Visitor: 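Here it is, the structure, as structure tokens.
These numbers were taken from a predicted model, which means no experiment stands behind them. Ligands are counted one by one from 1 in listed order, and the atoms in each one are counted from 1 as well.
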Amino acid sequence: MKSYSLPDSQGHFGRYGGSFVAETLVHALDELREAYDKYRVDPDFQNEFAYELKHFVGRPSPVYHARRWSEKLGGAQIWFKREDLNHTGAHKINNCIGQILLARRMGKPRIIAETGAGQHGVATATVAARYGLECVVYMGSEDVRRQASNMYRMKLLGATVVPVESGSRTLKDALNEAMRDWVTNVENTFYIIGTVAGPHPYPMMVRDFQSVIGTECLEQMPVNVGRQPDYVVASVGGGSNAMGIFYPYIEHQDVQLIGVEAAGEGLETGRHAASLNAGVVGVLHGNRTYVMQDENGQITETHSISAGLDYPGVGPEHAWLKDSGRAQYVGVTDDEALAAFHDCCRTEGIMPALESAHAIAHAVRMAPGLAKDKIILVNLSGRGDKDMHTVADFSGISL
Ligand SMILES: *Cc1c(COP(=O)(O)O)cnc(C)c1O
């Protein structure tokens, strides 16, 4: 792979990606694609994006040597890319800033989003407040119940949260409802998708906005260790924090890219969210990719201790990177992620998001078998304060 230039003009990453939507959305997606094609190369747009990332989000986020833990493990050196230090506590805000700047330029006063656990909803409500735009967030009513504090956070930020009562009342139902809203209100509404999924151009656009993560690493690693890492490891839910750190490294063939999916209670139990490891090729959320579905083609319920990884599909570019062999995808179970969460708190003084703890768990698994001069760079995609209750529940502690 000398020069990597995917997707093609139709949004295909090999056989994956594309755009599978109702006729009524074709025009909206054409309009979005044209706007993005224009603004992605517009210096004013790029300057404003960079300014917001610096002053509102707090970028660049540092890279950090997990020195004590690396010494304990006795092998490779583990480094963290500190996305947990961003405003609102994770990488999701990078993409939300990019999309809301685009919405403003397209003259769309109304923002909609779907959310599972509420993380993307909170990031979207945050940027909508910052720009004074109306914001409606769709959230499955089961998720509303499980994540009451994120629901309240969105309300504090001025968003309207619409509980979705259809289907299993979770993320996939919220996705359908957001698509339905968009079809109806396409004239004045911009749909902010929270990961590298959805119909073209979303997977490409979200990747581009998140690639600030990897672009910073490309500069920071040589400054801090004199060279690029040997491995880059990131958790994969929909795949945006992973694409964000992988993308600038794709042409660096010496750097191995490893995505970590949620193996939940174990891949063999069927209770997991590992679409790339255990799913099949299908269509979800407007694109072709690996999905979790049953014999009848119905999307199945996924499971992970980490709400952000609990998504039954995966971005189409990851499907392509897997098939092409450029990236590998492994699974980490709930128990392994929890153990990494606790060890990270006590060894480094950093409480990682449970999503990020999956990536960390794999790095910790790899390190002892590698030489001491090898470098593993882990995308620490978010902070774990939001997960305190989940961790306490698992430990039988009531807060
Ligand atoms: C949402 C989330 C993820 C998973 O989403 P991706 O699109 O796969 O990055 C990972 N980490 C954190 C902290 C999240 O909030």
Visitor: Quick one: list whatever passes side-chain contact (heavy atoms from CB on, under 4.5 Å) with L156, sequence neighbours left out.
Guide: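 Scan of L156 (side-chain contact (heavy atoms from CB on, under 4.5 Å), adjacent residues dropped) gives Y152.
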Visitor: My understanding is that a hydrophobic cluster links ILVMFWY residues whose side chain heavy atoms are under 4.5 Å apart, including indirect links. Using that, what else belongs to the cluster containing V223?
Guide: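 Result for V223 is none, singleton.
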Visitor: Check ligand 1 for N or O atoms under 3.5 Å from a protein N or O and list each pair with its distance.
Guide:
unit_1   : atom_1 : unit_2 : atom_2 : d
ligand 1 : 7 (O)  : T195   : OG1    : 2.6
ligand 1 : 7 (O)  : G239   : N      : 3.3
ligand 1 : 7 (O)  : S240   : N      : 2.8
ligand 1 : 7 (O)  : S240   : OG     : 2.7
ligand 1 : 8 (O)  : G237   : N      : 2.7
ligand 1 : 8 (O)  : G238   : N      : 3.2
ligand 1 : 8 (O)  : G239   : N      : 2.7
ligand 1 : 8 (O)  : S240   : N      : 3.4
ligand 1 : 9 (O)  : H91    : NE2    : 2.9
ligand 1 : 9 (O)  : S240   : N      : 3.4
ligand 1 : 9 (O)  : S240   : OG     : 3.2
ligand 1 : 9 (O)  : N241   : N      : 2.8
ligand 1 : 9 (O)  : N241   : ND2    : 2.8
ligand 1 : 11 (N) : S381   : OG     : 2.7
ligand 1 : 15 (O) : K92    : NZ     : 2.6

Visitor: Parallel, tilted or perpendicular: which fits the ring planes of Y191 and H285, with parallel below 30° and perpendicular above 60°?
Guide: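 If you compare the ring of Y191 with that of H285, the planes turn out tilted.
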Visitor: Whether R207 engages the ring of Y247 as a cation-pi pair (distance to the six-membered ring centre under 6.0 angstrom, angle to the ring normal within 45°) should be assessed.
Guide: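 That pair qualifies as a cation-pi contact.
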Visitor: So, T189 side chain and N185 main chain: donor-acceptor pair closer than 3.5 Å or not?
Guide: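 Yes: the side chain of T189 pairs with the backbone of N185.
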Visitor: In the hydrophobic clustering that connects Ile, Leu, Val, Met, Phe, Trp and Tyr at side-chain heavy-atom distances below 4.5 Å, which members other than V332 occupy its cluster, ordered by chain and number?
Guide: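 Besides V332, the cluster holds Y64, W69, L73, I78, F80, Y231, V233, I258, V260, V330, I350, I360, V364, M366, L370, I376, V378, L380.
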